[in-house]
Amino acid sequence: MRQLISRRRAIAVGIASVAGGFAGYGYLAEPRWLEVRAVKINLTQTLSNPVRILHLSDLHYSAFVSLSFIEEAIQVGLSLTPEIVCLTGDFITAGDERDLKRYMGVLGQLSAAVPTFAVLGNHDGGAWSRPRGGYQSTAEIAGLLDGAGITLLHNRSVSIRTKGGQLLFTGTGDLWAGDFAPSEAFDKAKSKASVVTILLAHNPDTKDLADNVPWDLMLSGHTHGG
């Protein structure tokens with residue numbers, strides 16, 4: 001995350017990480033570990049009032065992370081009364097596909113409450129997922145999000161007005177999946193340099209490739225809180 005220093009208004013970000021994952025620690029500990037952190041972010045851009053964002057990442061619906069646990073995380077997050085929700089990928093675990101119709105209903109609780117934006121992770125289909133038994137493309141998870149009423153920001157931007165002012169949400173395709181296309185993602189952002197820009201990118205290493213484009217805050221997952 002960039003070092004952003006200001007005496008101005010801030011965006012409050014609530015982070016709930018639900019992680020499934022890999023052998024040992026990833027299978028036994030992370031799927032049952034729900035952590036909520038409230039972080040106040042000071043921005044160089046001016047907002048008239050603070051804006052509360054709920055950030056959820058790496059839900060990894062699978063044999064190790066149940067829908068009931070994901071729903072619990074969502075309810076905990078919504079109890080924080082966010083104005084906007086951001087989801088930063090890995091909705092499933094590659095090779096362990098589940099009932100996406102039921103999942104759609106669970107995720108739809110977010111968009112029914114507040115505007116919800118998302119990007120995809122490396123497990124969500126495509127080049128990284130395919131050889132690991134996952135979906136051939138990102139179409140299935142894109143359809144899941146669309147059915148849940150969630151706006152997918154796959155290399156594109158959307159502007160939204162909040163009580164604090166105008167915010168621009170820019171999302172990129174996943175770095176490991178080979179879908180990262182900054183020229184597409186930041187096309188609109190470049191024309192709105194004066195607007196607070198929130199970058200959504202599953203992999204935090206994206207920051208090294210997005211250094212020459214105007215963003216104020218980056219939200220990522222991928223590391224499962226580590």
Side-chain angles (χ1 to χ4, degrees), residues 1-19 34-59 70-91 106-121 145 148-154 156-172 185-186 188-189 192 194-204 206-207 210 213-225:
M1 187 182 296
R2 289 182 177 178
Q3 196 70 19
L4 302 172
I5 302 173
S6 173
R7 295 186 181 89
R8 295 299 199 175
R9 300 287 186 175
I11 288 180
V13 182
I15 302 174
S17 295
V18 184
L34 175 60
E35 179 181 353
V36 179
R37 289 189 293 145
V39 182
K40 185 176 180 180
I41 308 295
N42 294 317
L43 300 174
T44 54
Q45 300 281 13
T46 302
L47 291 173
S48 59
N49 288 288
V51 176
R52 187 182 295 269
I53 296 175
L54 171 66
H55 176 207
L56 288 153
S57 194
D58 295 83
L59 300 176
I70 292 173
E71 187 166 22
E72 178 188 348
I74 286 172
Q75 291 306 314
V76 168
L78 290 177
S79 73
L80 301 173
T81 62
E83 297 167 59
I84 297 165
V85 174
C86 294
L87 308 171
T88 53
D90 277 2
F91 292 93
V106 171
L107 291 176
Q109 296 174 60
L110 294 167
S111 60
V114 292
T116 303
F117 303 103
V119 293
L120 302 177
L145 297 174
I150 294 169
T151 301
L152 175 60
L153 299 179
H154 193 68
R156 69 187 188 98
S157 301
V158 168
S159 182
I160 184 172
R161 179 159 292 280
T162 71
K163 68 179 184 181
Q166 200 77 12
L167 293 177
L168 186 71
F169 287 87
T170 297
T172 68
F186 286 94
K188 188 175 181 180
K192 294 181 176 292
S194 63
V195 176
V196 173
T197 299
I198 312 298
L199 170 61
L200 307 184
H202 175 68
N203 192 323
T206 302
K207 74 183 188 309
V213 284
W215 54 271
D216 300 287
L217 172 68
M218 177 175 167
L219 300 179
S220 296
H222 191 59
T223 63
H224 295 186

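Both backbone and side-chain heavy atoms feed into the values below; hydrogens, waters and symmetry mates do not.
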*Asks:* Does the pair L167 and T197 meet the rule for a side chain to side chain contact (heavy atoms under 4.5 Å, CB included), with working shown?
*Replies:* CA-CA 6 Å; L167 293 177; T197 299; over 6 Å; no
*Asks:* Mind checking the CE-NZ spacing from M218 to K207? Nearest 0.5 Å is all I need.
*Replies:*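 The distance works out to 7.0 Å.
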*Asks:* State which residues pass side-chain contact (heavy atoms from CB on, under 4.5 Å) with S111; sequence neighbours excluded, sorted by chain then number.
*Replies:*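 So S111 forms a side-chain contact (heavy atoms from CB on, under 4.5 Å) with T116, I150.
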*Asks:* Test your reading of the model: is there a side-chain donor-acceptor pair from S48 to the backbone of K163, 3.5 Å cut-off?
*Replies:*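 Yes, because the side chain of S48 sits within donor-acceptor range (under 3.5 Å) of the backbone of K163.
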*Asks:* Mind checking what makes side chain to side chain donor-acceptor pair (under 3.5 Å) contact with T88, not counting sequence neighbours?
*Replies:*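 Testing T88 for side chain to side chain donor-acceptor pair (under 3.5 Å), a comparison that skips the adjacent residues, returns H55, S57.
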*Asks:* I need the single residue from T170, L168, L153 that forms a side chain to side chain contact (heavy atoms under 4.5 Å, CB included) with V158. Which is it?
*Replies:* L153
*Asks:* Output the distance between atom OG1 (T172) and atom CG (N203), rounded to the nearest 0.5 Å.
*Replies:* 9.0 Å
*Asks:* Say you draw a straight line from OG of S220 to CG of L199; how long is it, rounded to the nearest 0.5 Å?
*Replies:*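 If we round to the nearest 0.5 Å, S220:OG and L199:CG are 6.5 Å apart.
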*Asks:* Do any pairs count as a salt bridge (Lys or Arg N to Asp or Glu O under 4.0 Å) and have a residue in residues 110-119, sequence neighbours left out, and if so which ones?
*Replies:* none
*Asks:* Within this structure, what is the CD1-CG distance for the pair I74 and L54, rounded to the nearest 0.5 Å?
*Replies:*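 Here the interatomic distance stands at 9.0 Å.
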*Asks:* With sequence neighbours left out, write down each residue that passes ring pair (Phe, Tyr, Trp, His ring centres under 6.0 Å) with F169, or none if nothing qualifies.
*Replies:* F117
*Asks:* Could you pull out all donor-acceptor pairs under 3.5 Å where a side-chain atom in residues 75-84 meets a protein atom, sequence neighbours excluded?
*Replies:*
{"unit_1": "Q75", "atom_1": "NE2", "unit_2": "Q109", "atom_2": "OE1", "d": "2.4"}
{"unit_1": "S79", "atom_1": "OG", "unit_2": "V76", "atom_2": "O", "d": "2.5"}
{"unit_1": "E83", "atom_1": "OE2", "unit_2": "R52", "atom_2": "N", "d": "3.1"}

*Asks:* Does the side chain of D90 pick up a donor-acceptor pair with the side chain of H222 at under 3.5 Å?
*Replies:*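 D90 vs H222: no donor-acceptor pair found between side chains.
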